Structure formats: structure tokens, C-alpha cells
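Reviewing the structure listed below.
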Amino acid sequence: MFTTYSASAGSGKTTNLVADFITICFRSDSKHIGQNQNEIHLDIFQKILAITFTNNAAGEMKDRIVRTLTTFAFEPKEKIGGSALAIYNMVVQKLFGDNPPEEQQLAVFMQFESKELLRRIIYDYARFTISTIDSFFQRVIRSSALTLNLNINYSVQIDMDEFYIQAIDQLLNELSADTQLAKRIITLLENSMEDTGNLNIDKELRSGLEILYGNAEKNHDFLQILYSSDADSILKKNKELREWLKENSVQLPKAIESIAQEGKIWMSQLDGINFHFPTFAKWFDAILEDPIDNYKESIESFKNDKGSFFKKSNFTVEENNRINKAMPHIEDCFQQIQSTLQPFVKRILDTRILLHNADKLALLTDLQAKMEYIKRQNNFFILNESNTLIYETIHNQGFESIFDRIRFDNFFIDEFQDTSKMQWEDLKPVIINNALSKGKDLSLFGDVKQAIYRFRNGDADLFYNLTNLARLQLDNDLGMVTEENYQQIVLQNNYRSLQSVVAFNNDFFDYYSKEKKLDKYYKEGLIQNIIKKEPGFVQIYIGTSDDQKENKRSCFKEEQSFLEDIIGDKDITIADMQVLLAVKDALRRGYDEGDIAI
């Protein structure tokens, strides 16, 4: 079963995840009432993989499952309450539907199964696999180290600072006069001096490394080109680009010269009518002088509101006649020039940027070779390259080459809105082969409103596309998912927050989604049902650049001594101060520290 849970904050996401986890384990046991299965017992937990995005979240999920099983195992049914009772009822419903066994028999079954599953988890805790996606990928890589040409005893490099410094130092130590490396570095320094006025070769090289290796997934395609290149081939390509650019810089003005001259003639018909933008009157001269830098992509604003281009909007009859006669011809000349230049503009601009950074690019190939050497010498692997290594291996050798030792056949992925495209492409083959094609379960939990990992290439569109069967089926890899084995569940209730907090969030996201045209993402699960009827409290503070700490003293007379203690501290900003006062205000209203969110 392919299940997606659209789960906003406080909607019982973890409750549902724990219920599904326990249900899978209980369903696979031979001791089920009225069922006759093979002796599988409860070791099925060893074949469940649950993935989340932080170690804390993974630890909390494990703790919740263990605590829930402990409650089921050692507490009588009548003493089970809160979320544990909700999970209990969900498990019973998922196992037996509307025909559960009689209460005493059910209680014995649930208690026995819980004790047995808890015992097996505790005695084989290492195979109770709830981990971050990075930890799982490291497990996959380490189990396939020989296939990936890695030493099985490699260490993982997380802090890149020392690595960058070592690579740059080794490269600079190889400098000697009259070498190509020295010439490239000198050229890089000259360009840096021209652009920024600074001469800092370490900083220039480090910035390039940080862009490339700080986000290896985002820069995957470029890194592949870099790996397959060397400095000489890059410099040879640069020479070819320079020749192409030089030739086109001569030919383009010739290609548009006659059109521009005609445009100038028609522009002269407007002499005496002062343009609001004086440079426009000389546009055809400018385009001949430099067809690329002075290129204008659109004349739509000029066509739609010609008056905005002149210093006055009321014209004489004679002026109107001249404008009406000349403007269609000026526009036609512009369109012809636009059509002539458009195929070249982007390529020429890209070529200029490339040539400007060509020497840095060539140096990056030198540095990349150094980095690979250091990795081999020190036997370590860069954590940021995990996703790309698995991705390349799957596409070059097939997923079996790297996932053949992975025996999981039921999958849970939490916070799926923060999963990247490459991570999903890495996970998808083993999920399809081990779970979906064999009738096992995949459950995805997410909320596009909580997508916070774009800096790590998180892509909320993935979750959006999978929360609808028609959109999901656009992915040819998921052809086995049909109406029979797909379900979307929207968790609509908010069990965590008080009335005013839920109401504020509902109103805010309703407004925000319409204002930013994000309705399609927020349509499902946008409006949460209010469960807790206590009023709660929401306070909004909007700071401005004009705020001063001293101006706040008069607003909080009862806090004078508190304010006097911090008013002279230059490190405390007005925003810091407002937070402190808001917290004290909430405490005064009777809320506990654990009830307050900033």
C-alpha cells in the first residue's frame, strides 16, 4: 500500500506513524486471532525502515514506539489514555476492521503481542532501524564499499574547512616560476584585483570549493564535467570560445547595421518631442556600438504606453501625427533587431562569464585532483557526496549493485517535504523492488507548509506530486501504484494548540497562499479543525528600523528595573528585548514555559 499523510503541525502525525508501525508487526504474526499464517513471529520489525531528518527526531520516534508498547504490555486497557489509547484503537481498527474479537480476548492478544514485540526489539535493538536519511545512506555505502571502490574502513568527513585548507596548501606548495599553474594563479589574482580590489588567493580558491563541494548534489552535473576534464582541455576550450566571441563581436553589428540605420531615420522624425528617457532617442546608435550590452529584450511598455516615454502627455495634432507615423516603423526595426540578436545574446553573455572565470575553473580541476588525492591518502569519504555516489551507481550499475544487501520491505519516510529529488531517486528503486512490487507498505508523512530544507535541496513539489494519484502516475517508475493500492490521508485535526493559535494559523496560511499564489500546495490540510477549546493567546510584533530600545521603557512601566539592567547592553537588540518582554507577559498571563513559542 502506498499511503501519503498530509500532516500539519499537531495533527497526530507521530501517533499515526506509531500505529502503522505496530500494525505491520502484529499483522505479520502467526498468533493472530482467526488467522492462519506461516510462523513469521514479530521479527518483521527488522524489515521496517523508518527515515526522518534529524537524530533527535529518530530518537524520539524510537522512544515513542517503545513507550507505547510498554503501555500496551503492562497496563490494563481501562488505564490506557491519551495518545496511547488513540494508537491502541487505530491498531485494532487496522487489524480487525469493524469485527474485532470480544473485549477480553482482544486485551489478551494486544498485551501478549506487545510484550513479545517489545522483548524482541530490546534484545535486537540494533536492527530496530529508525534513522536519518544520511545515516541510512552511509549504511548502504559502507555495506557496498568494495563495489564503490572505497576502503571498507573509511572515515566520514563532515567538517570541510580543514579539507579545503589542506588541498589549497598542497596546490600552492607546488608553485614554481613559468609553470602553467603559476600563470593561472597570476591571472586569477589579476581578475580578483580588477573585480574587488583584493589579492587573496586562498579566499578565491576556497570560495570556488565551497560552491562546488558545499552542495555536491546541486552541482552534480558540473562536478561530473569537472571530474572528466583537465586544466589543459579547459584552457583549449577557452581559446576556442574567445575566438568565437571575437568573431561574433565583429559580425553582429554588421548584421543589424541596415536595420538600425533605418530605425535612426524614423527616430529623427520625433526630433523636438522630448523623451522622458533621453537615452531611448539614441537607442539605435547604442545597439550598433554594442549589440549585446545595449540589447533591449522588450518594447512592450513602449507600445502599451507611449506617453510614458515623453516628458509631456498632451501632444499637438502635428506631434501626434509624427508619433503615430514613426512609432510603427521604430517598433518594426526593433523587432527585426531583436529577432536577429536573440539567438546569440544568452550564449554570448554566458561565454563572457565563463571566460572571466576560466582561470578559476582551470584551477578547480587542479584542486579537485588534490582533493581526490587527499581523500585516498587519508581514507575518508565526504558526507555531502553520499547522495550523488548512490545516484551515479544506480544509473551506471543498477540498484542491485548497491542495495542487494538491504532487506527492508516496509518503509516510512517522515518530513517528506524536505526530501530532495536526488534522495528520492536514490530511495525509489529499493522501495519499488522491495515493497511496492511485493504488496508491502510505503508511508510518506509531510506538510508543504513546514518545508525548511531548501538549502539542502529539499523539494516540496515531490510531496505535492505524490499526494494525488493522477499526479503520481505521471512518474513512469510508479506504474504499479493504482487506485487499489493507493490512499491519501489528510490529518485535519489539531490536537496540540489552543483555539486562537489554530485560528491564527488558518487565517494566515489562507491569506498567504492566495497572496503568493500557492493555493495548489496548501489546498489539502490547510484549514485545521480546532480540538482544544481553551482560548490561548497570539501576539504579533512587527519591528521597524526606527525602533530604539529606549522608546520601549514607557510602554512597560512595571518592567522598569528589568529594562534598566539590559538597556545599556549594546548586544541586545530591540527584537531581543521584545522577545524577553513577550515571554514575561505570557508567563504573567498564567502560561507555562512549555506553552510558549516564539
Side-chain angles (χ1 to χ4, degrees), residues 2-13 53 215 217-221 296-305 308 338 342 345-346 349 413-425 428 444-478 481 486-494 496-497 499-530 536 538-545 575 597-598:
F2 191 119
T3 306
T4 64
Y5 286 87
S6 294
S8 296
S11 61
K13 175 188 69 176
F53 274 79
N215 196 333
E217 178 178 336
K218 182 178 180 180
N219 296 304
H220 170 258
D221 292 342
K296 307 293 183 184
E297 290 188 1
S298 174
I299 201 172
E300 290 302 314
S301 60
F302 189 80
K303 290 193 300 182
N304 295 336
D305 189 10
S308 65
Q338 187 180 42
Q342 202 163 30
V345 171
K346 186 178 186 304
L349 292 176
I413 305 180
D414 191 18
E415 308 292 359
F416 191 80
Q417 75 279 352
D418 289 321
T419 303
S420 73
K421 287 183 179 179
M422 187 173 287
Q423 287 172 333
W424 177 233
E425 290 299 319
K428 198 162 52 170
L444 307 179
F445 296 78
D447 176 21
V448 293
K449 298 192 299 299
Q450 298 184 65
I452 59 173
Y453 275 80
R454 283 187 63 186
F455 69 95
R456 286 192 60 188
N457 308 304
D459 187 351
D461 275 333
L462 286 175
F463 187 64
Y464 168 76
N465 290 332
L466 295 174
T467 54
N468 175 278
L469 182 59
R471 293 194 297 263
L472 178 149
Q473 289 177 332
L474 295 175
D475 185 339
N476 294 329
D477 295 335
L478 299 174
V481 181
Y486 175 84
Q487 63 176 336
Q488 182 202 8
I489 298 173
V490 180
L491 303 180
Q492 206 77 42
N493 296 335
N494 188 309
R496 179 186 303 162
S497 302
Q499 187 175 151
S500 60
V501 176
V502 180
F504 170 77
N505 284 340
N506 285 344
D507 290 342
F508 172 79
F509 279 106
D510 181 53
Y511 165 80
Y512 182 80
S513 64
K514 292 172 182 174
E515 184 73 14
K516 299 295 184 181
K517 296 183 172 43
L518 298 171
D519 306 55
K520 70 173 187 177
Y521 296 109
Y522 293 162
K523 181 179 179 182
E524 292 150 352
L526 172 62
I527 304 300
Q528 289 189 288
N529 299 324
I530 297 171
V538 175
Q539 183 182 52
I540 301 172
Y541 169 71
I542 300 175
T544 69
S545 58
I598 305 297

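Since this is a predicted model, take the numbers as computed values, not measurements. As a basis for the values below, the full set of heavy atoms in this structure was taken, side chains included, without hydrogen atoms, waters or symmetry mates.
- The shortest heavy-atom contact between Ser11 and Gln528 is CB-NE2, 4.0 Å.
- Under the 3.5 Å distance criterion, the side-chain polar atoms of Gln417 are left unmatched by any main-chain donor or acceptor of Lys449.
- Across every non-hydrogen atom of Gly536 and Ser500, the tightest pair is C-OG, 3.0 Å.
- No option in Tyr464, Phe445, Trp424 other than Trp424 meets the ring pair (Phe, Tyr, Trp, His ring centres under 6.0 Å) test with Phe416.
- Taking CG of Asn493 as the reference point, atom CG of Asn529 lies at 4.5 Å (rounded to 0.5 Å).
- Side-chain contact check for Phe2 versus Leu466: some heavy-atom pair is nearer than 4.5 Å.
- In this structure, Phe53 CZ and Ile413 CD1 are separated by 8.0 Å, a value rounded to the nearest 0.5 Å.
- The shortest heavy-atom contact between Asn506 and Ile527 is OD1-CA, 3.5 Å.
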Quiz prompt | Step-by-step side chain to side chain contact (heavy atoms under 4.5 Å, CB included) determination, Thr4 to Tyr486 | solution = CA-CA 8 Å; Thr4 64; Tyr486 175 84; 3.8 Å; yes
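- Phe463 CZ to Gln450 CD: the interatomic distance, rounded to the nearest 0.5 Å, is 10.5 Å.
- With a 4.5 Å cut-off on side-chain heavy atoms, Leu462 and Lys421 count as touching.
- Side-chain N or O atoms of Gln488 include none that pairs as donor or acceptor with a backbone N or O of Asn468 at under 3.5 Å.
- Between Asp475 and Asn465, the closest side-chain pair of non-hydrogen atoms is not below 4.5 Å.
- Here the closest heavy-atom approach between residue Asn494 and residue Ala9 is recorded as ND2-O, 3.2 Å.
- Across Ala451 and Asp418, no two heavy atoms sit closer than the pair CA-OD1, 3.4 Å.
- Contact detail for Lys13 and Glu415: the closest heavy-atom pair is NZ-OE2, 2.9 Å.
- Between the side chains of Glu425 and Gln423, no donor-acceptor pair of N or O atoms lies under 3.5 Å.
- Relative orientation of the Phe509 and Tyr512 rings is perpendicular, given thresholds of 30° and 60° on the angle between their planes.
- Taking the side chain as every heavy atom from C-beta outward, Leu478 and Lys428 approach each other to under 4.5 Å.
- Partner of Ser497 under the side-chain contact (heavy atoms from CB on, under 4.5 Å) criterion, chosen from Val502, Asn505, Ile530, Val538: Val502.
- A distance of 9.5 Å separates CD1 of Ile489 from OG of Ser6, quoted to the nearest 0.5 Å.
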